[in-house]
Amino acid sequence: MSTTVEFHDYVIENLRKAGDVTSRKMMGEYLVYFNGKLVGNICDNCLYLKPTDSALELLPEAERGYPYEGSKTLMVIVEEVEDTELMTKVLHAMYDELPQKKK
């Protein structure tokens with residue numbers, strides 16, 4: 001099952017309250033970027049974030065899962081998309097941990 005446009009738009013609209021969030025469509029699913037850095041995926045109508053130390057610390061109860069078949073990274077499944085304060089903290093903390101954008 002691929003992600004619906006409605007779910008994608010709902011997630012991106014909520015995350016944009018935290019700052020510059022964009023997405024790029026990939027094979028029916030989406031890559032999610034914060035200030036130009038890849039922070040996660042939207043797959044099968046779920047938001048998955050990279051398992052950075054800050055994401056794991058700020059979302060300790062979140063389930064973990066693979067965003068797609070063949071994925072090698074067990075990612076954080078986010079349910080609190082509407083919690084603007086929490087998502088702002090998570091995205092900003094993750095940004096500092098993620099590698100610089102490739103030129």
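Taking all atoms of both residues into account, the shortest heavy-atom contact from Ser23 to Tyr30 is OG-CD2, 4.3 Å.
Interatomic distance, Met87 CE to Leu58 CG, rounded to the nearest 0.5 Å: 9.5 Å. Interatomic distance, NE2 of His8 versus CG of Leu47, reported as 10.5 Å (0.5 Å rounding). Remark: Glu29 CD to Thr3 OG1 distance equals 3.5 Å, nearest 0.5 Å. The CG atom of Asp9 sits 9.0 Å away from the CD1 atom of Ile42 when rounded to the nearest 0.5 Å. Distance check, rounded to the nearest 0.5 Å: NZ of Lys89 to CG of Leu91 gives 13.0 Å.
Taking a 4.5 Å side-chain heavy-atom cut-off between Ile, Leu, Val, Met, Phe, Trp and Tyr, the cluster of Tyr33 extends to Met26, Leu31, Leu38.
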(request) Begin with the C-alpha distance, continue with both residues' side-chain angles, and end with the deciding distance and a verdict on side-chain contact (heavy atoms from CB on, under 4.5 Å) for Thr52 and Val39. (result) CA-CA 9 Å; Thr52 62; Val39 294; over 6 Å; no
(request) Could you please spell out the steps behind the side-chain contact (heavy atoms from CB on, under 4.5 Å) verdict for Thr22 and Arg24? (result) CA-CA 7 Å; Thr22 58; Arg24 189 171 83 192; over 6 Å; no
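Surrounding CD of Glu63 are at most 12 heavy atoms belonging to other residues, nucleotides or ligands under 6.0 Å away.
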Report, one line per pair, each donor and acceptor closer than 3.5 Å where one atom sits in a side chain of residues 66-81; sequence neighbours left out.
{"from": "Ser71", "atom 1": "OG", "to": "Thr73", "atom 2": "N", "distance (Å)": "3.3"}
{"from": "Ser71", "atom 1": "OG", "to": "Thr73", "atom 2": "O", "distance (Å)": "3.3"}

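Panel note: side chain Asp20, backbone Gly36; no donor-acceptor pair is recorded below 3.5 Å.
Val32 and Tyr48 sit in two unconnected hydrophobic clusters of ILVMFWY residues. Membership requires side-chain heavy atoms under 4.5 Å apart, directly or through other members.
Under the 4.5 Å side-chain criterion, counting only non-hydrogen atoms from C-beta, Lys37 is in contact with Gln100.
Residues satisfying the salt bridge (charged side-chain N to carboxylate O under 4.0 Å, His left out) test with Lys17, not counting sequence neighbours, are none.
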